[in-house]
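Report on the following structure.
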Amino acid sequence: MDEGVKYGETELKMESVVTYVRRLLGREKKKEEERHLRANDRTFNGSFRYTNNAIKTSKYNIITFLPLNLFEQFTRLANAYFLFLFCLQLIPRVSSLSWFTTAVPLILVLSITGVKDASDDIKRHRSDKQVNNRKVDVLVDGQLKKEKWRNVQVGDIIKLENNQFVTADLLLLSSSEPLNLVYVETAELDGETNLKVKQALTVTGEMGNSTEVLGAFKGEVRCEPPNNRLDKFKGALTVDKQVYSLDNDKVLLRGCTLRNTEWCFGLVIFGGPDTKLMQNSGKTKFKRTSIDHLMNILVLCIFGFLATMCAILTVGNAVWEVKEGSVFTVFLPREDDTSAGLSSFLTFWSYVIVLNTVVPISLYVSVEFIRLGNSFFIDWDRKMYYPKNDTPAQARTTTLNEDLGRIKYIFSDKTGTLTQNIMVFNRCSINGKAFGELFDFSGQRVEITEVRKNTDPGFVPSSDTTLQSFMFQQGFSSSLVISGELHYQAQSPDEGALVTAARNFGFVFRSRTPETVTLMEMGRKVIYELVAVLDFNNVRKRMSVIVRSPDGKLLLLCKGADTIVYERLHPSCDNLMKVTTNHLNEYAGDGLRTLVLAYKDLDKSYLEEWKQRHHEACTAIDGREERLDELYEEIEKDLMLLGATAVEDKLQDGVPQTIEQLAKADIKIWVLTGDKQETAENIGYSCNMLREEMKDVFIVAANTADEVREELQNARRKMCPDAAETPHVTTSRAGLFWLQKTQTVQDEKVDGDYGLVINGHSLAFALEKDMRMELLRTACMCQTVICCRVTPLQKAQVVELVKKYKQAVTLAIGDGANDVSMIKAAHVGVGISGHEGMQAVISSDFSFAQFRYLQRLLLVHGRWSYLRMCKFLRYFFYKNFTFTFVHFWYAFFCGFSAQTVYDEWFITCYNLVYTALPVLGMSLFDQDVNDRWSFRYPQLYSPGQQNLYFNKKVFVRCMMHSWYSSLILFFIPWAAMHDTVRDDGKDIADYQSFALLAQTCLLVVVSVQLCLDTYYWTAVNQFFMWGSLAAYFAVSFTMYSNGMFLIFTSAFPFVGVARNSLNQPNVWLTIFLASLLCLLPVVAFRFILIQLRPTINDKLRHKVQMEALPAPAPRRPPPRRISTRRSGYAFSHAQGYGNLVTSKNFLRPLKKRTALFVQTDSPLAQNEPQHYRSIAEEPEGSQSP
Amino acid sequence: MMASSYNAKDEDGHITVSGPGGSTLRSKKPENTAFKQQRLPAWQPILTAGTVLPAFFIIGLIFIPIGIGLYVTSNNIKEFEIDYTGVDMSSPCFNCSQNFSWNSTRPCTCTIPFYLEQPYESNVFMYYGLSNFYQNHRRYVKSRDDSQLNGDMDSLMRPSKECEPYAFHENKPIAPCGAIANSMFNDTLELFYNDPNGTKIPIPLTTTGIAWWTDKHVKFRNPGGNNPNLTAVFQGTTKPVNWRRPVYELDADPENDGFINEDFIVWMRTAALPTFRKLYRIIQKKNNIVPTLPRGNYTLEVVYNYPVRSFEGRKRMILSTISWMGGKNPFLGIAYITVGSVCFFLGVVLLIIHHKYGNRNNSADISN
């Protein structure tokens, strides 16, 4: 039984039990078909028993904790097994060990896990409480009242203020903003940091903020039942028998934050667990590491092995009983009515008890401990702490540590993960002159900060007139919202960067009305009249404005992608174009987003005529779009080149280096981004994933399935012409009972580096069942894969694809809610914390503030965790097998009677006391080389990817080793004690002395073996090691003392044994001999391995002995790429704000907004033809200068 | 490219974060302790030729002399063993071994002559050895009541269930209860020296001092405290089924009677293996001039009570001297010599391997 599956089953069972109980109590409600609610009517809504807004993520309460937690724990295979053993031991005839040998460890293990679960749950209770107790204004009886979140009911009307979290899923009723708009940030939901606009229905919007009207509002809502689709909402609002349909635009979801909106009112539709946020965050998959799975399989194998051993011994017992036991009855009569057969049967179970230690109970607890410890080390790491926003790294799950050392594929989001999501105006070329690159004395590039620009007038000679117009053009941006004191909130961060830069150079964009734009030009206020906006769209890849300056000059200002603008330049610009092109290439080579600016003086009469035609086109019914395009095309020609700008999509610190490091560690990085292809490519180049020296970068951007297939195949054939057409799939069985079928696509060798860029549209085809193999093969041949324009679902699908067919450990890293699906799908999910959106972090397993910490997480912490875990498992299995096999040998000398070799107390304490701490010490502190060396040699990471340190082979080797050790540990004492006496002639070959000798030998051997395995001897290790040995002798002498015997006579029958045998030289000689015989072969074998086939670790450790610190890597100056590649108009820009901006309705305060607002649907409808509603349309439009 | 250059600037120095109110919030920056940063000073030993090879040679050099010493010591121990089970027709005890019953009133005695080729100096220890006797069988080992043997009156009258089926006999509690006690070795062995002039001189055998001090004084105690009248103390109990005499008649000496009888204690210390020997008597050294047992003819007189034929067991009488390392056991000596030699040999092999391959590999640079 797979543990993970088991957990799932348990949950199911538990759920059904809970449901059943609820039904019994009459509290169970039927599955909701439709939600029906009435505003301000708690009694009406109460009849449906909707859940209120309280959320509960905790699992237990005080009463249910014990039974539920115990039940949960006993569903674990190991715990159930020990419970079963405990029950067996209570049967006197079977019991070969006293009850405490199992009970004590079991109770200890249960209580440790219980305490951990309890503390986890207390944390959840606390966070629930904190969220539930947030305050919000609720409208009760026409009065606003502060209420706790948990008391908010479905049907309540609540008031939200700026920057407040949305309490529940609300139907937006009215807002302070014109047109009943509200701006929300949905970072927590979908990771997008730009503002979204929601708009209330006019009929509700009219209520404004009048509490009386709102209090009397009796609208009824019928809508879909709670679900987890964030992008869809269907419902209807009935007000005064009028039915209005509701869609997603009218709903505020829990988890959003209100921005730039003074206040708004909303009607609660879904509360608490019904909200889309909670419905989404519901079922978290229980992630387990591959070692967990392996361990489960091994434990089963061990069970099989145990059964085999017991069976062998049972047969032995049967033979013995027939041959010897039946005649030995003179001295040892059979227990009444026990035949030889029954006796053998009972022996089987007795041996199950004696040999139970092959499945060590403390294994699971120790594993948890080690993971917990390693998680703490991650939390404590100062080198993963980001001082800027005070964010330390955080291991949010403590179960996945060792998988961090085995990552083969990384799936990364772009925005906010690789980049800072900050656009900075970086360089520009004006009239053939390049500006903006600063070097300090050492030749290092200096970051241009805003402050620097302000204080450094030399950066841009401000007297240049061309420059003035250049900057002036920058000042225009069609889609700006000014919020606060000159803080621009642009639709796209690129524009924000440009405008901010212009402001810093003295061209301040002050304000805008539909007709005018006010600029401060070098301290002089100038009002430009806005004649027309020729808006951006994806085909045009440019945008223009026509303005009339105060002195009556008409100007067309255009900015856009270089290729597009170049086509429209006046021939006189040819020389300038060449110079600018050089600059552009340079910028593009540095991974900057470039933009070309041009202008044109317009003739007044021409413009008038053009405007006329424009107006006609706008009002045309047929082919409006085409006609407008034609018009735009016509006027945007013979432009004069001004120059170019370069905006840097600022990468986070150290991203290229990190990626290089990870690539050296043989980790493949795939970027999955929702961004446009150009942007994604750009980032690919700037963070060194795509390189100029790559043989080829394939771009798959096709529209049909067949084309996609062809492109993929072509790419594959080009990379690897000899590869078979059909992928080579290895099918094997894995998992428990080999029930799981796995398919693995083999890696194919490719010469040279290739890159693959695929867009979301093509990806959709490529992820289809019949094509995904093709995709996987092609993608895996490439060094770098970039998927752009992908949806969150596709992100998860890509991850699943690799997971399924590569059998490799995957890691997904992202910062936004759009990454949640992939974070959950991957084996390990990492969230970038410290930004506004926490959704990714919440569902992640590890979180930190900067992408560059990933290399530390993997190359240092992951590698160590994996190393430690594997060492632990190897050693743990070794020590337990060795311990147990000795019993097996002894069986041949005690009539297969399930007599133990050791004292029962030793058996009880062996795992829990004598060997627990040293092995924990090793598995918490061990490191082969320190972090600096780990960074210096990333190839140290690859053994983890190939799972070399612990697999079935290693396990078998472990068993052979134990087998050998146990032979030594039994037969050396046997031979040495055979017919031997003490130095005063008295007995020493008695059972008790032999037990003491055997157990002492065992403990010494496993301790020294641990010493051999430990690479890193800290004081703690030494303390644990010697402490445990000392404890063993101390405890032995105590337990075998007169006092203990006199108090608990029957519990401690070994009185005096330690004193009587440990003062014998031959006992010590035997211990010494046994230890050496166990260890010498190991040392010799390891030494030979190091000599003949040293691993990279061996070599490095040797090197570390020579040099204390790694030599710093040769510092290469970042290569200056002279690129022939040209970045497109890489605005992450959505079309469609032009009309909103220039519509007069936009500006507040508005008196008669409904009258002016003629459009019934959303002003933001994206699919509307892009046209600019000219000012000329308005009768009162002031066109004269 | 090393990325640590990025981390270096975060590495040290405390950063305090100013809160909105101008107050300084406690930074979440982890503490810079060696423990938390996993920089604990540590010793990192590795297996190099410089450590491994000398270790092997040194172990070899130490083990071989120890082994020789042990072997010589063991060989100097004199041991004489005689099997008196009486399996062979020719054996003097054959008759006794054939007809046996626990309750026979007429003891069967057999006499075994033997010749000691060497004189035994110093104390000589007389053991009886049993073979194929499973004193370590689980059911046998636990069939005793330590509380009863420790003098607990309660347990005396109500022996523990572990003693079944030897807990009660005819509704009386058995003292001492259990299978171990019940099967106590009850042959009597006597030794005579046949003087060359024909007289049979009995050799004095010491019956005390054969059990562990802790057993005699801590683990085994007679019930009733210091009451010398053991008969009264054991009133109400019955003797083990196989015994001829009750427990309070094991010896005339009250210090060696009842539960603290040393023969009994020795028997009760169950053996680890099915072939074992137990100390029976000590022949004290008389003086430094005369050997304890001179060379010559001896007679062993056995009162043959203990049946072993049924399970193919063997009974032996062993005379042995001892040394600082106990009785005669050449194993340790041989093992030490062997291990030492193997170590030495391995050392040479490893040296050759290291010489041939090691240098090449270690000097090879690590590709980066």
Side-chain angles (χ1 to χ4, degrees), chain A residues 327-328 330-333 377 380 382-383 385 387 390 392 653-654 657-658 660-661 852 855 893-895 897-899 935 975-976 979-983 985-987 989-991 994 1015-1018 1042 1049-1050 1053 1055-1056 1060 1065-1066 1069 1073 1084 1086-1088 1090-1092 1094 1099 1101-1102 1113, chain B residues 1-4 6-7 10 15 17 27-30 32 36-38 40 42-44 46-47 52 125 134 136-141 146-147 150 165 179 183 212 214 218-219 269-273 276-277 279 310-311 322 324-327 329 331-332 335 346 350 353-354 357-358 361-362 366:
Chain A
V327 286
F328 194 55
V330 196
F331 294 126
L332 184 63
F377 282 130
W380 287 334
R382 280 162 82 87
K383 291 180 184 169
Y385 166 81
D390 192 28
D653 280 345
Q657 290 84 350
T658 305
E660 199 183 328
Q661 282 277 95
R852 66 167 186 270
Q855 60 174 332
F893 294 87
C894 68
S897 60
Q899 176 65 0
F935 271 139
D979 273 358
T980 303
V981 292
R982 273 159 58 89
D983 57 3
K986 291 175 189 172
D987 219 348
D990 64 301
Y991 168 70
F994 185 78
Y1015 284 156
Y1016 195 75
W1017 279 97
T1018 66
N1042 305 351
T1049 306
S1050 48
V1055 58
N1060 276 303
N1066 55 352
L1069 284 171
L1073 180 70
R1086 289 192 186 172
F1087 182 73
I1088 290 174
I1090 290 177
Q1091 298 301 314
L1092 296 185
K1099 287 182 186 173
R1101 291 181 65 220
H1102 196 262
Chain B
M1 253 292 226
M2 280 284 287
S4 53
Y6 287 97
N7 305 321
D10 310 342
I15 304 244
V17 179
S27 162
K28 285 190 219 147
K29 182 163 189 168
N32 190 12
K36 288 191 173 183
Q37 303 308 318
Q38 307 197 61
L40 285 176
W43 172 54
Q44 291 173 269
I46 57 171
L47 296 179
V52 173
F125 295 81
Y134 284 86
N136 59 359
H137 193 280
R138 179 168 58 88
R139 277 189 284 123
Y140 187 86
V141 169
D146 278 323
S147 298
N150 197 232
S183 60
W212 287 10
T214 42
V218 182
K219 200 169 180 184
R269 181 152 286 281
T270 52
L273 301 165
F276 58 90
R277 58 173 69 171
L279 187 55
S310 60
F311 55 91
I322 54 167
W324 59 272
M325 55 157 290
N329 187 342
F331 169 78
L332 268 184
L346 257 179
L350 293 183
I353 290 176
H354 172 67
Y357 302 96
N361 281 320
N362 278 338
I366 306 154

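Reminder, nothing fancy here: chain letters follow the sequence lines and each chain counts from 1.
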What closest approach, in Å, do [X] and [Y] show between heavy atoms, and which atom pair accounts for it?
X: Ile322(B); Y: Gly985(A); answer: CD1-N, 3.5 Å
X: Arg1086(A); Y: Leu47(B); answer: CB-CD1, 3.6 Å
X: Asp390(A); Y: Lys29(B); answer: OD1-N, 3.8 Å
X: Ala179(B); Y: Phe331(A); answer: CB-O, 3.8 Å

Using a cut-off of under 4.5 Å on heavy-atom pairs, state which of [options] scores highest against chain B.
options: Thr1049(A), Leu1069(A), Thr980(A); result: Leu1069(A)
options: Ala975(A), Ala989(A), Ala1084(A), Ser1050(A); result: Ala975(A)
options: Asp983(A), Asp987(A), Asp979(A); result: Asp979(A)
options: Val1055(A), Ile1088(A), Asn1042(A), Asn1060(A); result: Asn1060(A)
options: Gly1056(A), Pro392(A), Cys894(A); result: Cys894(A)

Is the side chain of [X] donor-acceptor paired with the backbone N or O of [Y] at a distance under 3.5 Å, no angle test?
X: Tyr1016(A); Y: Leu40(B); value: yes
X: Lys219(B); Y: Pro1053(A); value: yes
X: Gln37(B); Y: Trp380(A); value: yes

Is chain A contacted by the side chain of [X], its backbone, both, or neither, given a heavy-atom distance below 4.5 Å?
X: Ile46(B); answer: both
X: Val218(B); answer: both
X: Phe311(B); answer: both
X: Leu346(B); answer: side chain

Please report the interatomic distance [atom1]([X]) to [atom2]([Y]), rounded to the nearest 0.5 Å.
X: Tyr991(A); Y: Asn136(B); atom1: OH; atom2: CG; answer: 8.5 Å
X: Asp990(A); Y: Phe276(B); atom1: CG; atom2: CZ; answer: 11.0 Å
X: Asn1066(A); Y: Leu332(B); atom1: CG; atom2: CG; answer: 6.5 Å
X: Trp1017(A); Y: Gln44(B); atom1: CH2; atom2: CD; answer: 12.5 Å
X: Arg982(A); Y: Trp212(B); atom1: CZ; atom2: CH2; answer: 7.0 Å
X: Gln38(B); Y: Thr1018(A); atom1: CD; atom2: OG1; answer: 10.5 Å

From the list Leu279(B), Asp146(B), Asn329(B), the residue making the most non-hydrogen contacts under 4.5 Å with chain A is Asn329(B)
With a 4.5 angstrom heavy-atom cut-off, which part of [X] approaches chain B: side chain, backbone, both or neither?
X: Ala976(A); answer: both
X: Phe1087(A); answer: both
X: Pro333(A); answer: both

ask   = What is the ring orientation for Phe328(A) with Tyr134(B), classed by angle as parallel under 30°, tilted 30 to 60°, or perpendicular over 60°?
value = perpendicular
